[in-house]
Structure formats: C-alpha cells, structure tokens
Amino acid sequence: TCWNLTGGSQTPLQYNNNALRANYWSWSSGTTAYAASPIFDISALTNPAIEFYWSHLYSSSYPNDRLVLQISDDGGATWDDLWDKSGANFNSNDGAGNTTPGSYKTTGYIDISAYTGNIKFRFYFYSGYGPDVFIDKVSILDLPSCMFPSALTASNLTNTTADLAWVESFGATVWDV
C-alpha cells in the first residue's frame, strides 16, 4: 500500500528514487503538506519504536520551517505529535544545502509503546519558505528489552580499574557492567 500525500496545500515528492522531499525552497511561507503511511499492525511487537532519517538546513532568514511526526491509532481520525522540529532545532548539521540533502541524521528510536494494534503515522510539513527537507529510511522496529549503549569509551585504564562512558539508548536507568 502506498503513502497518502494529500491533505495539504502542496505535495511532497520522491527524491533520488528513495527519499521524500518537501520543496520548502519553492513553496510559499505558510504552505503545508502531509505524507501519511498505510496502517501497520504492531500488536505483535513488545517494544515498538519508529526511526527515520532527515536532512534540513536551518536558515535564520527563514526560521519558521517545521516538521512533525504524528501517530494515530484510530485510523487517522485524531493524531498525536511524536517528534517536532522547528526553528534552530530544525538543523540536521549534516551538510544539507537549500535544495539538497546532506548525509542525513537519525531521529534515534521514538518510543510508541503507548500505542497498540493498528497504527498509522504521518509527516506534517510546514514551509517557512526556507531550505527543503528530506526524509529517508522510515522504520517501525521491535526493540530488544535491553538496548545496547552507543559510543562506548574506556579511559584511565590501569590493571584493576577503568573509567567507562557511553551514550544511553532508550532511557535505561540501571546498567549491568
């Protein structure tokens, strides 16, 4: 089943055969667009999450660009915001240009365990007449119950001690070392 690209005053388009592009650079300020997924049954997932990759250059000359990921568990009658970027926070810092993506940045895992059964999600695009935004590699995942940390480092190594540091993944508050 395909994505539904209706509902806004503009339509996002495919980019390079694999990504989605909202052409903010040529849309008027205040223009909106949507990209809604088909329905997914997540009832078999224990720890469901969504992850996607995005690319956008923030411009202080056009600070009103916005991208929101929304989710619905009632077939699209109502939507909850899961992830929202605008203003200076809407900068992927990945080399994006006004009309070209950079290397893309991941959202990380966005927890959707509060939702069960059939869900759908959509992207809400709001153009402030700034640089284009790009979406790629959208995934619904079943995360393991114990996520591995990332960016693990060890320093101050001796024969009996070491200082460990890592980037926490998905909100753990207790660790087994």
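Starting from 1, each residue takes its place in the sequence as its number.
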Check: Do Ser28 and Thr31 have side-chain N/O donor and acceptor atoms under 3.5 Å apart?
Finding: no
Checklist line | Shortest non-hydrogen contact between Ser127 and Trp27, atoms and distance | finding: OG-O, 3.6 Å
Margin query: Just verifying a value: how many Å separate Thr78 OG1 and Asp73 CG, rounded to the nearest 0.5 Å?
Written below: 6.5 Å
Next item on the list: Kindly work out whether a path of hydrophobic side-chain contacts (I/L/V/M/F/W/Y, heavy atoms less than 4.5 Å apart) joins Tyr58 to Tyr126.
Entry: no
Next item on the list: Rounded to the nearest 0.5 Å, what's the gap from NZ on Lys120 to CD on Gln70? Could you check?
Entry: 12.0 Å
Checklist line | Any donor-acceptor N/O pair, Thr107 side chain to Glu51 backbone, under 3.5 Å | finding: no
Notebook entry, point to check: Can you name the nearest heavy-atom pair linking Gln10 to Ala33, along with the distance?
Noted result: O-CB, 3.4 Å
Next item on the list: Test Tyr62 against every option in Trp25, Tyr24, Phe90 by the ring pair (Phe, Tyr, Trp, His ring centres under 6.0 Å) rule and name the one that passes.
Entry: Trp25
Next item on the list: Take atom OH of Tyr115 as the centre, draw a 6.0 Å sphere, and report whether it contains more than 12 heavy atoms from other residues, nucleotides or ligands.
Entry: yes
Margin query: I need the Ile42 CD1 to Asn47 CG distance, nearest 0.5 Å.
Written below: 11.0 Å
Next item on the list: Taking His56 for its side chain and Phe134 for its backbone only, find out whether a donor-acceptor pair lies under 3.5 Å.
Entry: no
Check: Step by step, would you call Leu164 with Thr153 a side-chain contact (heavy atoms from CB on, under 4.5 Å)?
Finding: CA-CA 6 Å; Leu164 301 177; Thr153 60; over 6 Å; no
Note to self: Please check: side-chain N/O of Asn64 versus main-chain N/O of Gly128, any donor-acceptor pairing under 3.5 Å?
What the structure shows: no
Checklist line | From Asp142 atom CG to Thr46 atom OG1, the distance as rounded to the nearest 0.5 Å | finding: 5.0 Å
Check: Shortest non-hydrogen contact from Gly108 to Thr106?
Finding: N-OG1, 2.9 Å
Margin query: In terms of relative ring orientation, are Tyr34 and Tyr124 parallel, tilted or perpendicular, with 30° and 60° separating the classes?
Written below: tilted
Note to self: Hydrophobic cluster membership, with links at side-chain heavy-atom distances under 4.5 Å among I/L/V/M/F/W/Y: are Trp54 and Val138 in one?
What the structure shows: yes
Margin query: Side chains of Asn18 and Asn16 only: does a donor on one sit below 3.5 Å from an acceptor on the other?
Written below: no
Margin query: Pair Ile119, Asp41 - check side-chain contact (heavy atoms from CB on, under 4.5 Å), show working.
Written below: CA-CA 6 Å; Ile119 59 120; Asp41 180 0; over 6 Å; no
Margin query: A side-chain contact here means heavy atoms from C-beta on lying under 4.5 Å apart; do Asn23 and Leu13 qualify?
Written below: no
Note to self: Are Phe125 and Tyr53 connected into the same hydrophobic cluster when the rule is that any two of I, L, V, M, F, W, Y join if their side-chain heavy atoms are below 4.5 Å apart?
What the structure shows: no
Next item on the list: Ignoring hydrogens and angles, tell me if any N or O in the side chain of Asp80 forms a donor-acceptor pair with the backbone of Ile71 under 3.5 Å.
Entry: no
Notebook entry, point to check: Ignoring hydrogens and geometry, is there a side-chain-to-backbone donor-acceptor pair from Thr116 to Ser43 under 3.5 Å?
Noted result: no
Next item on the list: Drop me the distance from Asp74's CG to Trp79's CH2, to the nearest 0.5 angstrom.
Entry: 8.5 Å
Check: Which atom names give the shortest non-hydrogen contact between Ser61 and Pro63, and what distance separates them?
Finding: C-CD, 3.5 Å
Item checked: Validation row: Asp132, Tyr15 side chains within 4.5 angstrom (heavy atoms) -> no
Check: How many angstroms lie between atom CD of Gln14 and atom CG of Leu5, to the nearest 0.5 angstrom?
Finding: 10.0 Å
Check: Does Ala162 offer a backbone N or O that forms a donor-acceptor pair with the side chain of Asn156 under 3.5 Å?
Finding: no
Next item on the list: Grab the two heavy atoms, one from Ser72 and one from Gly75, that are nearest each other, plus how far apart they are.
Entry: OG-N, 3.7 Å
Check: Which side chain to side chain donor-acceptor pair (under 3.5 Å) pairs, counting each pair once, include a residue from residues 94-103, with sequence neighbours left out?
Finding: Ser55-Asp94, Ser92-Asp94
Check: Is it the case that one hydrophobic cluster holds both Leu20 and Tyr104, taking links as side-chain heavy atoms less than 4.5 Å apart, direct or via other members?
Finding: no
Check: So Phe123 and Phe52, would you call those rings parallel, tilted or perpendicular, with 30° and 60° as cut-offs?
Finding: perpendicular
Check: When clusters are formed by joining ILVMFWY residues with side-chain heavy atoms under 4.5 Å apart, either directly or through shared neighbours, do Leu45 and Phe40 land in the same one?
Finding: yes
Checklist line | Test item: Leu69 and Ile50 side chains (from C-beta on) under 4.5 Å apart, heavy atoms | finding: yes
Item checked: Donor-acceptor contact present, side-chain Asp65 to main-chain Gly130, <3.5 Å -> yes
Item checked: Expected output: side-chain Asp111 to main-chain Ser113 donor-acceptor under 3.5 Å -> yes
